Amino acid sequence: MARYNPKETEPRWRKAWSDSDAFRAVIDRSRPKYYVLEMFPYPSGRLHMGHVRNYTMGDVIARFKRARGFSVLHPMGWDAFGLPAENAAMERGVDPKAWTYENIDRMRAELKELGLSIDWSREFATCEPGYYGKQQAWFLDLYERGLVYRKESVVNWDPVDQTVLANEQVEDGRGWRSGALIEKRKLNQWAMRITDYADQLVDDLATLERWPDKVRVMQENWIGRSKGLKFRFHGAPPADDLEVYTTRPDTLFGASFVGIAADHPLAEAVAARDPEAARFIAECRKGAATEAQIETAEKIGYDTGLTVKHPFDPTWELPVWIANFVLMDYGTGAIFACPAHDQRDLDFCRKYGLPVKPVVLPPGEDPATFQVGDEAYTGPGTIYNSGFLDGLDIEGAKAAAIARIEGQGDGEGAVVFRLRDWGVSRQRAWGCPIPFVHCETDGVVPVPKDQLPVSHPDDIEFGKSGNALERHPTWKHTTCPKCGGPATRETDTLDTFVDSSWYFARFANAHSEEAIDKDAADYWLPVDQYIGGIEHAVLHLLYARFVTKALADDGQLSVREPFAGLFTQGMITHETYRRQNGEWVEPKEVEFTAEGNTRRARLGGTGEPLIIGDVEKMSKSKKNTVTPDEIFEVYGVDAARLFTLSDSPPERDAQWTTGGVQGAWRFVNRVWEEFDSQPADASTAPADPELRRATHKLIRQVTEAIDSFRFNSGIARLYEFLNLLKANPAKAASPAVLAARQEALSAFARLIAPFTPHLAEECWTRVGGSGMVVHAPWPDFDPALTEDAVRTLPVQVNGKRRGEIVAPAGAEAADVEQIVLADPEIAGKLEGLTIRKIIVVKDRIVNIVAS
RNA sequence: GCCGCGAUAGCUCAGUGGUAGAGCGCAUCCUUGGUAAGGCUGAGGUCCAGGGUUCGAAUCCCUGUCGUGGCACCA
């Protein structure tokens with residue numbers, strides 16, 4: 001009996017897969033296709049456990065679908081542009097390109113060690129001219145279509161990374177990467193018209209049935225579509241034609257004042273002649289930067305002294321206030337305030353003594369007595385105090401008010417989005433150059449496609465802050481493609497989220513002359529199962545959806561949604577350990593002792609007691625990391641893969657523990673023991689029916705578990721079945737059991753293949769399977785065999801369990817009743833009671849209602 | 001404030017109308033030529049709380065508590 005040795009078996013099987021080119025994706029129209037993709041990694045240097053879990057999940061699906069007869073595409077690439085490379089350049093004086101490719105080499109080796117069933121022939125990195133040159137080509141196509149444009153705008157400037165960030169990349173007023181407080185700057189920027197697709201991006205969410213609701217809700221919130229009315233107030237200049245946006249035109253008769261943002265043009269006009277107003281505006285600008293401060297900030301306002309006429313009553317003059325809670329970049333930067341039915345407006349009016357007139361009467365309230373106190377009423381009701389709107393419900397009044405305004409020519413129904421256009425300019429060198437030149441005569445001119453790619457100069461000087469392309473002595477000087485005169489190249493590069501917004505389509509044919517090989521893309525797309533972190537719920541996933549739609553409209557793609565199925569996996573966490581002085585301690589330095597059920601930790605060597613802290617996401621700063629290579633070294637790749645999936649549902653965080661991975665490792669060894677102890681000359685006796693039934697039940701359960709992304713459940717069933725096999729050992733087994741074991745082991749080797757592929761190959765060979773398990777079909781189950789012949793039915797009396805009986809599977813109610821009533825134990829429990837009713841649930845349970 | 005998600009054994013989690021389960025941990029015992037290991041057996045659960053529906057609720061519904069994620073002066 002030989003011990004299982006992953007160090008010997010695992011590399012051997014990886015070589016066998018590679019030698020037979022087992023994972024090459026092939027267009028085969030006779031079979032259904034399946035495209036499984038995990039979000040490609042940024043080549044940061046080393047693989048971490050999160051990668052192991054993410055890529056193992058995708059691999060489970062890929063191997064499972066292959067065994068089920070699908071033509072599978074499972075590719076890998078590198079999201080290789082980005083700031084860390086430039087930061088490394090600055091900190092250590094290395095070349096970003098060389099640094100990136102070294103990282104890719106190391107991470108590729110680690111990914112290959114993980115035994116992933118990837119078609120490596122399609123690998124690319126986004127920093128290759130062969131990739132980003134194609135990106136420049138379609139970027140020019142979208143420019144032709146008006147979806148790419150330049151605009152002077154106020155942007156989010158990250159003073160640490162020295163670059164512009166999109167709104168999506170600013171979290172709580174800080175840069176998503178640097179954490180620096182964001183400043184507002186006015187710059188000339190490249191942008192993409194994602195707002196042209198805002199409606200579609202919301203509407204099509206409904207078609208994404210295999211996306212988590214959570215992600216759909218997050219995108220919907222982010223796009224923030226609202227329907228309402230845009231209309232103009234009239235007044236004396238400068239307050240003539242003041243346009244506001246509202247979602248509550250039904251409450252127009254409850255108006256108290258008109259509010260404008262501090263940076264609204266009208267506010268600036270007022271400030272020009274009113275120093276007090278100027279002071280107020282300056283104070284607003286100084287205001288709070290973080291969300292928490294904004295939330296608690298008091299509502300303040302300044303009465304400009306201007307008035308405008310109410311649209312439905314020209315004699316009604318409304319005062320115009322500058323208000324700090326009105327935002328310039330949403331709607332029109334101006335509102336009308338109805339304090340009775342909007343909390344913000346109410347707070348403001350109470351503070352400044354402005355009138356509060358209710359116009360929506362809640363159901364059951366008396367119009368003579370209903371009053372609004374300190375809480376605005378935002379619920380349903382009937383409109384009153386409102387002239388021609390009286391008696392209507394809210395929806396009816398909205399429609400009537402909009403119709404009246406439109407009839408007056410003062411405005412129209414409008415849809416407003418929270419989503420802004422996507423600013424894609426970044427002042428960085430290590431990114432995709434934007435293929436335009438600036439000419440004194442012709443202005444902004446696209447680089448002709450036959451001159452693509454526009455690539456980086458070789459002698460680029462990194463190592464200082466700011467944009468190295470801008471600093472380069474010669475690179476930006478060129479000639480205008482139009483007039484031949486002197487021109488300068490655009491030195492901004494594209495946001496790296498552009499790189500990741502179409503890579504899934506490039507994988508259809510990674511070597512195509514066109515950006516996207518449409519025939520290949522038509523076959524493979526959409527991605528059937530996309531897997532990645534929830535942190536990309538808005539940024540990456542929204543941009544990829546937008547670019548897909550834009551390229552589809554340009555005829556370069558047929559699908560309008562890139563990812564038919566999305567799965568967001570949880571993170572890997574680990575306990576944290578600290579010394580008494582607060583220093584973090586790495587797990588490998590910790591020794592544990594147990595006192596009953598209490599665990600205590602000590603520092604290895606000195607024995608100093610340690611504090612066991614919270615379970616947190618693995619991070620270098622808290623030293624609670626375990627690296628894949630040290631785990632592979634001790635337990636093998638299969639045990640590591642198995643453990644990342646076995647303990648938690650895939651969408652939830654999984655806690656890494658030494659005990660847990662040891663459990664997985666023991667499973668690997670015990671599996672091998674079962675296979676190794678099975679005699680080679682298989683018995684031809686009729687198989688033991690009970691073990692057969694258990695086998696078919698197992699096949700069914702594991703198949704359903706993988707199909708529904710419940711990997712941990714499937715693995716739990718495999719653990720249980722292994723216990724059953726151990727209870728029916730090969731040693732001293734009857735011929736019937738041996739025959740059933742043979743069938744069970746043949747299925748078992750294939751069922752574990754998605755999770756522990758190396759072990760599966762070894763087992764498959766040992767049990768006499770033909771060829772490699774990667775080519776073997778998924779085992780089938782006989783539905784009839786997944787049911788037991790005899791059932792043990794619990795018997796309840798008045799809902800409490802009082803005994804059990806044995807009945808044939810599928811026994812009818814009448815037969816079961818007879819068995820129950822004949823049972824002496826149950827008869828005892830029924831003594832003195834009258835049976836009112838007997839409920840028999842077929843094959844499940846019997847309940848006797850008695851009194 | 002709004003919208004989600006979660007709460008089951010000491011820990012991490014399955015179970016989603018019908019007999020409360022797994023892995024790890026813990027305890028007893030066995031093995032001491034698989035040995036910085038292996039195995040047997042076992043203990044351990046008001047299924048967060050309260051109410052409702054039902055013959056029957058961990059499971060479905062309502063309310064609450066605690067934890068957690070997202071959005072947020074978005075008119």
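Computed from a predicted structure; not experimentally measured. In what follows, chains carry the letters A, B, and so on, assigned in the order in which the sequence lines appear, proteins first and then strands, with residues in each chain numbered from 1.
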K.L.:
Counting heavy atoms from C-beta on, name the nucleotide in B:G34, B:A75, B:C13 closest to the side chain of A:N712.
P.N.:
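Taking heavy atoms from C-beta onward, the closest nucleotide is B:C13.
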K.L.:
Quickly work out the A:L642 CG to B:C13 C1' distance and round it to whole Å.
P.N.:
15 Å
K.L.:
Taking the C1' atom of each, how far is B:A14 from B:A58, in whole Å?
P.N.:
12 Å
K.L.:
Mind checking who B:G21 pairs with, Watson-Crick or G-U wobble, both distances under 3.5 Å?
P.N.:
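Looking at the geometry, B:G21 pairs with B:C13.
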K.L.:
Please figure out whether A:D653 or A:T247 has its closest RNA chain B nucleotide nearer the 5' end.
P.N.:
A:D653
K.L.:
Using the ring centroid of each side chain, check whether A:F567 and A:W211 are separated by less than 6.0 Å.
P.N.:
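Ring centres of A:W211 and A:F567 not closer than 6.0 Å.
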K.L.:
If you check every side-chain atom of A:R670, which of B:G15, B:C73, B:G39 has the closest atom?
P.N.:
B:G39
K.L.:
Please state how far atom CH2 in A:W665 lies from atom P in B:C24, giving the value in whole angstrom units.
P.N.:
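It works out to 13 Å between those atoms.
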K.L.:
Nearest heavy atom decides the nucleotide; on that basis, is A:K726 or A:G659 closer to the 5' end of RNA chain B?
P.N.:
A:G659
K.L.:
By the 4.0 Å heavy-atom rule, please label A:Y245 as base, sugar-phosphate, or nothing.
P.N.:
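Base, at least one base atom sits under 4.0 Å.
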K.L.:
So A:F711 and A:F709, would you call those rings parallel, tilted or perpendicular, with 30° and 60° as cut-offs?
P.N.:
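Tilted: the ring planes of A:F711 and A:F709 meet at 30° to 60°.
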K.L.:
Side chain of A:Y330, heavy atoms from C-beta onward: which of B:C74, B:A14, B:C73 has the nearest atom to it?
P.N.:
B:C74
K.L.:
Could you please name the partner base of B:U59, counting Watson-Crick and G-U wobble pairs only when both distances are under 3.5 Å?
P.N.:
none
K.L.:
Is the phosphate of B:C74 approached by A:R344 (side-chain N or O, under 4.0 Å from OP1 or OP2)?
P.N.:
yes
K.L.:
Mind checking the P distance from B:C48 to B:G70? Whole angstroms is fine.
P.N.:
25 Å
K.L.:
Report the base-pairing partner of B:A36 (Watson-Crick or G-U wobble, both distances below 3.5 angstrom), or none.
P.N.:
none
K.L.:
Is a donor-acceptor pair below 3.5 Å formed from side chain A:K299 to base B:C73, judging by atom type as modelled?
P.N.:
yes
K.L.:
What integer number of Å spans the P atoms of B:G4 and B:U63?
P.N.:
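These two P atoms come out 12 Å apart once rounded.
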K.L.:
From B:G25, B:G15, B:A75, pick the nucleotide closest to the side chain of A:R666?
P.N.:
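Selected nucleotide: B:G25.
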K.L.:
Taking the ring centre of each residue, are A:Y719 and A:F721 less than 6.0 Å apart?
P.N.:
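They do not qualify: ring centres at least 6.0 Å apart.
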K.L.:
Looking only at atom C1', what distance separates B:A49 and B:A37, rounded to whole Å?
P.N.:
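Those two atoms are separated by 47 Å.
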K.L.:
For the side chain of A:N723, starting at C-beta, report the closest nucleotide among B:A22, B:C3, B:A14.
P.N.:
B:A22
K.L.:
Hey, do the aromatic rings of A:F336 and A:H310 have their centres closer than 6.0 Å?
P.N.:
no
K.L.:
Is there a Watson-Crick or G-U wobble partner for B:U68 with both distances under 3.5 Å, and if so, which one is it?
P.N.:
B:G4
K.L.:
How would you label the contact of A:V326 with the nucleic acid (heavy atoms, under 4.0 Å): base, sugar-phosphate, or nothing?
P.N.:
base
K.L.:
Please give, in whole Å, the distance from B:A75 C1' to A:L318 CG?
P.N.:
15 Å
K.L.:
When the aromatic ring centroids of A:F348 and A:F257 are compared, is their separation below 6.0 Å?
P.N.:
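Yes; A:F257 has its ring centre under 6.0 Å from that of A:F348.
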K.L.:
B:G56 and B:A22: how far apart are their C1' atoms, nearest whole angstrom?
P.N.:
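To the nearest whole Å, 26 Å.
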K.L.:
Could you check which nucleotide pairs with B:U28 in any of the strands shown, counting Watson-Crick or G-U wobble with both distances under 3.5 Å?
P.N.:
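Check on B:U28: unpaired, no WC or wobble geometry under 3.5 Å.
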K.L.:
Just checking, any donor-acceptor pair under 3.5 angstrom between side chains of A:Y635 and A:Q662?
P.N.:
yes
